[in-house]
Each structure stands twice: as structure tokens, then as C-alpha cells.
Number of protein chains: 2
Amino acid sequence: MKAHRPTPTLHDVAKAAGVSTATVSRCLNFPDQVAVRTRERVMNTVRDMGYSPNFGARAMAARRTNTIGAIIPTMENAIFARGLQAFQEELRLHGFTMLVASTSYRPDIEAEQIRTLVARGADALLLIGHERDPEIYRFLEAQGVPWLVTWAFDLDAGCPSVGFDNRAAMYAMAQKVIALGHRRLALISAETAMNDRARARKIGILEAMDEAGIDRDELHVIETPYGIENGAAAFTDLMRQAPRPTAVFCGNDVLAVGALRQAQALHIAVPADLSIMGFDDIELARVAFPALTTVHVPHREMGRRAAQALVRMVQGGITEAPVELAATLVFRDTLAQAPA
Amino acid sequence: MKAHRPTPTLHDVAKAAGVSTATVSRCLNFPDQVAVRTRERVMNTVRDMGYSPNFGARAMAARRTNTIGAIIPTMENAIFARGLQAFQEELRLHGFTMLVASTSYRPDIEAEQIRTLVARGADALLLIGHERDPEIYRFLEAQGVPWLVTWAFDLDAGCPSVGFDNRAAMYAMAQKVIALGHRRLALISAETAMNDRARARKIGILEAMDEAGIDRDELHVIETPYGIENGAAAFTDLMRQAPRPTAVFCGNDVLAVGALRQAQALHIAVPADLSIMGFDDIELARVAFPALTTVHVPHREMGRRAAQALVRMVQGGITEAPVELAATLVFRDTLAQAPA
DNA sequence: CGACATAATGCAAGCCTTGACATTTAATTT
DNA sequence: AAATTAAATGTCAAGGCTTGCATTATGTCG
């Protein structure tokens, strides 16, 4: 007899329902192992007593938490937000809950967050991109925590992933741009230091230039952090040089919208005098004026399938084969023939 | 001697370092209760063995998980994404991790998710808005899980909250619009059924109309789900009636941008012929053309302070007094004098 | 009706850490 | 040097659930 009606335990429920704790546990976890009559009685008791299993005890006994962690650069970027939403929705369908941590694009914070989520009992981890200290992969290995890479696809990395080929997508876009007569090119890129996606996108452009016989020096690159204002500032810098580029690639749509707005402010006609291309196809791209030509990334599908793969990895203990999704070009109103 | 180098336990570390488990535990949790020499030895052992505390055992013994849950309608909406980002950043500073669940604006899913996050060991919960089945509050009470409401502020609700007064903000905006001569008003609102924020915003407009002696029937209201397309469709509906409204309030910026684009498509000059007002002040509002007049919501500060308050509630066991933040009007280019 | 197969349930051993309390060691004072 | 106090460390029970295995109930078939 405790003092103030403590939260009931499995034991209490079992006693009240006149069964063993094992039976109550099974009612909750494997209902069809229990006879219907018994099950109904137990479930009613559970409801009546307002029983809710103790998380710690459960995690300890079962050695899993039904929790999957996602570690992303930031939630503010619509691209991750949408993928994450789909990821969580799919996780829910399978009875898993999502832990989220963000890194602000900083490798040190990412490493810390990975350890934190593992310590918090994440059964598996969603990571963005391949590039990180090998030590981290060793850690995950040692802890036996399955993980999966998204927002990138690189068969050579030889790890489970659900993503798309950043290089190929940007390569296709650059081909198209070059075919429209553009020769003086520029790229406003996210910082490439520890960002394999940004680097792959840049490489895609360079390879298309190689192929068209354009000197790589013709690509003027500015790296800048995420943000509309940063895109605008980078664009201003770009326009200071002579001769000006006629086509400006952007590492993502947010930078592209910044560039686009700045072009308007500088009275540069888009796409008549200058073309601007984004990457990601977030809502902003459609709403921008003129509507942005960009690369469509299947965020939602990526999130959904990543969730499915991770759930399988947790439940089956097996490793999933990499899945490549298609990123497609979306031609709107910011790309045109190079000016004469 | 186990077979394949199992993950070391506290016991293993203690033995290896030649101390008791309690000392190792203290090194990890309360370092300054342990002599420096001992601590260093222990911490080295921890590092060498790659020890990481077992989450379940820890949760069980400590009766807390250092995890706080956030339950929001959707991550795709930039408004929540930004607030959530700030929330998580602040949580991290205090050593807490964030669990996220989304409800798609559905009360039944919200109830389920609240139970799920509690079952997953959330030490406290962040909720959006006040309105929900009283049963849920009883459940949280019974489970002893502290919670806090954000994105709304209502002193009468008498519960811990960090938010702003939706009604007052919209009231201020409506006053301004009416002062500019607008009399035929419209509102494209999110669905108000189980959404106290949307309802409060609508009431704010109605109260301003009362005050100005405008009949409440002069406000034509359309409710629609979230989304640019929905905003556009609602706007089209609105324009079918005669006489047309001269000012269209929107429940959020996304709907407003949809309306704005549709106005352009219908060749209705904004703001010369018609004014459009949003709510939230997300990035989209600044980038839209013309830039959107809207209500600025202090997302980041709200998220940050909500995190601080919840951490205090978890650690101190005390209830926090409600905090009201200011939502301010941002006048850009979609509001002007009513046409003659 | 007895033997046997199968379904349902019970038993009890972990799982690993925390924290109250006890004990030992070190430092300080008299 | 003894007495006192504070700091450091140790002991050990408790915490609630899962799950392999054992046992009992139920049903079927010859």
C-alpha cells in the first residue's frame, strides 16, 4: 500500500487481472499469443488502471527502444524539413518514434550528436551525406547501431543509402545550360569543406564543362553559408567582375532566390541577360518571380524509403542495398539562351 | 568471458579501473564528487573500453531520460520548423534530446502521439495551442509529465505557456486595415474546428470590425487546409462574389502567398486594387512579390524560451508562469489604402 | 476414453544503473 | 598525537519489463 496512488506497474495489472506478468506483457506486445477472452480481460484492466509501461524497464529488458534518430544539418532548410516529415510519418506507421538532432553543418557537433542519440538509445540512425570521420563509423559499428545515408548516393561508399546522385543531377543541368550557349559560368555554392553533396554538385558542372571543351577556369565559384541574404551578397560579388557570367548555378534554392532578388535589385534581367539555376525544388522555387529553374529532389520519397529501410535493418538485423532515386530537372522561367 | 567482445558495462569499467560501480557512475554524472586522480583513471578506462552507458538501465534507475518531446502539426510548415530548430538547439545546451512527432492537424493523431511520446520516456512535452480533449490533460497529470503550450497565449487557460496573443495581433492588423478605408473584408483561414490559434485570429478581425461599426457579415470567411494551392483556390472563390472584398486577410503566410499569386494570375493589382495580409512572417513573405505585409511571430525566441521553461520544469519540478511574447506588424508592399 | 499435439499461461532469471547509506581515508584542529 | 570533520569511495537493494523454458489447459483423433 503506497501513499498517493502510484503509477501502476505490470505487476499490479497482472494481479488485478488475475494473470501473470508475462501474459500482460504478451497482451501488449504479441496480442495473438494470448487467448481472446484473456486478452480482453487484461486489456480492460490495462485501460481501467491507466497503465502505461515503464519506458526504462522496457528498453532495458527488450534491448531496444523503438526509436530512430535523425541527424540533419538544420530543420530550417525546407529540404530537410519535408524529408524529415515524410520520414517521421513512415516511422510512425511502423511503431517507431523519431529523435532529431541538428548539426548546423558542423562536423564536430554532428559527431557529438551521433554519440548523444546512440546514448539516448536510438535503435538506428539516419545520416545526411557520406563524409565524416571514420572514427564515427567505427563507433557505430562497435555499438551495433545500424545507420543509413541519405541526400546522397555513391555506390563506391559501399554503405546503406537512399539518395540521389548529386553530381549527375548537376551535370545534367550544366549540360543543358551549356547547350543554350552559356560559356561564362558561375556557381554560388554551399561550403564544400565537409559537405560531399555540395562538392559533388560542383564537380557535375566541371565535368559538363570538360566535356564541352570549356576551360574549368571559366567557372567562378563563391562559397557561402546557407541563407537568402548570403545568396544575394554572393551574387553582388559575382557581378563585380568583368566580363560577367551569363549563367549562375546555385547550390540550393535558397541561395538561388537570394541571387534572383539581387539581380532584380541590380536591374539585371533574368533570364534575358542572365540565367539562374537552383537545386532542391522547394516551395520557394515555385513562388519566386520569375519561377526558378531547378533540380527536383524527391524529398518525401527519400524520407519514406529511408524510414522503411531503417526499420527493416532494425528488425531484421540485415544491411540494406543502396537505393538510388532520380533527381529531375525542372525548367521554369530563369533559364534561357545565352545573350548574344 | 563472453564470446564476441560485448559492449562493456559499468561493472566492467569499474573492475578495469579498480573502483566500484558507484564511483564510475559518479565520474560520469557528478565529476566533481570524485578525486581528480581517480576521475582521470576512470575516464581513461571509459574511453579505452569505448564504454557508453546503457540507456534503458540508466532511464530506469534515474527515472528520467533527458528527453523532451515536441508535438507539432507538421514540420513542413516553416513556422514550426524554425521554432523547432531553436527549441532543439536550446535543449542541446542543457543536455536534453528532442523527440518529434507530427499530427497533420488531426486531434486523434495528436492524442496518440502524446501517449506515444510519454511511452517513449519523454520527460516533458511541448504542445501547440491549448485546445484538446481534457482527457489528455488528465493523462499527462496522472503520468506526472510536465508540458507547455506554445504558439498561443491565453492567460485564462491557466497553464504554462510561452506564446503570443493571436487575437490581439490580428486585431491590431485589422485596425490598421480598417483605418486605411477598407470595409469589405475577407479571411482565408486555416480550419478552425480544433485550432484555437486560427479561431483567435478570426476573432481579432471581428472585434476590430465591431469597434469600427462594421457589420460582422462584411467579413467573408473561407476555411481551407494549409498549402499554396489551397490559398490560390480560396482566393479564386472569393473573387467570384460581388462586390469583391478590398482586403483579404490570410491565416498564415503560405495561404497568403497562394492568394497573392492567384491575384496576379487574375490580373488583380496588389495592393492598388486589393490588399493581402499574411501571418507568421516566414521567409516566403519577404521573397514574395510584392513583399507580403504580415504579422511577425518570434519563432526562434519562442522555441528557445519554451525549451528553457521545460528544462526548468523537469529539473525543478515546478510549474512555470505563462510568458507572453510580442507579435508585431510588418508592413511591406501588399497593403494600401482601399481603392476609391 | 486415453494418448497426443497444440495452444495458453506461468515462472523466474536477467538486464545495468542509480542513489541512499555506510565505511574508509585524508585533512584539520586542538 | 588524538579528536573531529569533511571528502572520497564502497555496498547493495531496487527498479519494471521481457523472454526462454517449463507447465498446464484445451482440443483432436484413433
Side-chain angles (χ1 to χ4, degrees), chain A residues 2 6-43 45-46 49-67 95 118-121 123 143-144 314-315, chain B residues 2-3 6-43 45-46 49-67 95 118-121 123 143-144 315:
Chain A
K2 306 258 181 68
T7 43
T9 71
L10 195 68
H11 186 78
D12 300 333
V13 176
K15 211 163 45 180
V19 296
S20 71
T21 57
T23 299
V24 181
S25 173
R26 280 190 278 259
C27 279
L28 263 25
N29 299 309
F30 311 96
D32 35 62
Q33 284 183 21
V34 179
V36 183
R37 281 173 48 86
T38 313
R39 186 167 70 219
E40 276 172 1
R41 184 155 41 93
V42 170
M43 292 312 267
T45 313
V46 165
M49 301 182 74
Y51 170 73
S52 172
N54 177 293
F55 176 67
R58 180 175 236 182
M60 179 141 127
R63 285 188 207 72
R64 96 190 104 69
T65 59
N66 285 334
T67 298
V118 169
R120 170 56 180 71
D123 291 335
Q143 296 287 323
V314 169
Q315 293 181 337
Chain B
K2 305 258 182 69
T7 43
T9 70
L10 193 68
H11 186 79
D12 299 333
V13 176
K15 211 162 44 179
V19 296
S20 72
T21 57
T23 299
V24 181
S25 175
R26 279 190 282 260
C27 281
L28 263 25
N29 299 309
F30 311 95
D32 34 62
Q33 284 182 22
V34 179
V36 184
R37 280 173 46 87
T38 313
R39 186 166 70 218
E40 276 172 1
R41 182 156 42 92
V42 170
M43 293 310 268
T45 313
V46 165
M49 302 182 74
Y51 168 74
S52 172
N54 177 292
F55 175 65
R58 180 174 235 183
M60 180 142 125
R63 283 189 207 70
R64 93 190 110 68
T65 59
N66 285 337
T67 300
V118 170
R120 290 283 183 281
D123 290 337
Q143 297 287 322
Q315 293 181 336

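Keep in mind that this is a model prediction, so the values were computed, not measured. Note on naming: letters A, B, ... go to the chains in the order of the sequence lines (proteins, then strands), and numbering restarts at 1 for each one.
Where A:Gly56 and A:Arg63 each meet DNA chain D at their nearest nucleotide, the meeting point lying more 5' is that of A:Gly56. Both B:Ala57 and B:Phe30 lie close to DNA chain C; mapped to their nearest nucleotides by heavy-atom distance, the more 5′-ward contact belongs to B:Ala57.
If you measure from atom CG of B:Leu28 to atom P of C:dG19, you get 13 Å, rounded to the nearest angstrom. Nucleotide C:dC16 holds its C1' atom 14 Å from the CE atom of B:Met49, rounded to whole Å. As rounded to whole Å, 17 Å separates atom C1' of D:dG10 from atom NZ of B:Lys15. Going from atom CZ of A:Phe55 over to atom C1' of D:dG16 covers 13 Å, rounded to whole Å. Distance, B:His11 NE2 to D:dG10 P: 13 Å, rounded to whole Å. The interatomic distance linking B:Leu10 (CG) with C:dG19 (P) rounds to 12 Å, in whole Å. Distance, A:Arg64 CZ to D:dT18 C1': 9 Å, rounded to whole Å. Atom CE of A:Met60 is separated from atom C1' of C:dC15 by 4 Å (rounded to the nearest Å).
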Report all side-chain donor-acceptor pairs from residues 30-43 of chain A shorter than 3.5 Å, counting only partners two or more places apart or in another chain.
residue : atom : partner : partner atom : Å
A:Arg39 : NH1  : A:Pro31 : O            : 2.8
A:Arg41 : NH1  : A:Ala17 : O            : 2.5

Result block: side-chain N/O donor-acceptor pairs under 3.5 angstrom for residues 58-65 of chain B, not counting sequence neighbours:
residue : atom : partner  : partner atom : Å
B:Arg58 : NH2  : B:Asn29  : OD1          : 2.8
B:Thr65 : OG1  : B:Thr67  : N            : 3.4
B:Thr65 : OG1  : B:Thr67  : OG1          : 3.4
B:Thr65 : OG1  : B:Gly121 : O            : 2.5
B:Thr65 : OG1  : B:Asp123 : OD1          : 3.3

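Residues B:Met49 and B:Val13 come closest through the heavy atom pair SD-CA, 3.9 Å. Contact between A:Ala14 and A:Ser20 at its shortest, heavy atoms only, is CB-C, 3.7 Å.
For A:Asn54 and D:dG15, the shortest distance from a side-chain N or O to OP1 or OP2 is not below 4.0 Å.
Within the 4.5 Å cutoff, no side-chain heavy atoms of A:Thr45 are placed close to those of A:Tyr51.
Ranking C:dT17, D:dT18, C:dT18 by closeness to the B:Thr9 side chain, first place goes to C:dT17.
Between its opening and closing five pairs, the helix from C:dC1-D:dG30 to C:dT30-D:dA1 changes axis direction by 30°, a value rounded to 10 degrees.
Residues passing the side chain to side chain donor-acceptor pair (under 3.5 Å) test with A:Ser52: none are found, sequence neighbours excluded.
With rounding to the nearest 0.5 Å, the separation of CG in B:Asp12 from NZ in B:Lys15 is 6.0 Å.
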Identify all pairs in which a protein N or O lies below 3.5 Å from an N or O of nucleotides 5-13 of chain C, and state each distance.
residue : atom : partner : partner atom : Å
C:dT9   : OP1  : A:Thr38 : OG1          : 2.1
C:dT9   : OP2  : A:Ala35 : N            : 2.9
C:dG10  : OP2  : A:Ser20 : N            : 2.7
C:dG10  : OP2  : A:Ser20 : OG           : 3.0
C:dG10  : OP2  : A:Thr23 : OG1          : 2.6
C:dG10  : N7   : A:Arg26 : NH2          : 2.8
C:dG10  : O6   : A:Arg26 : NH1          : 3.4
C:dG10  : O6   : A:Arg26 : NH2          : 3.4

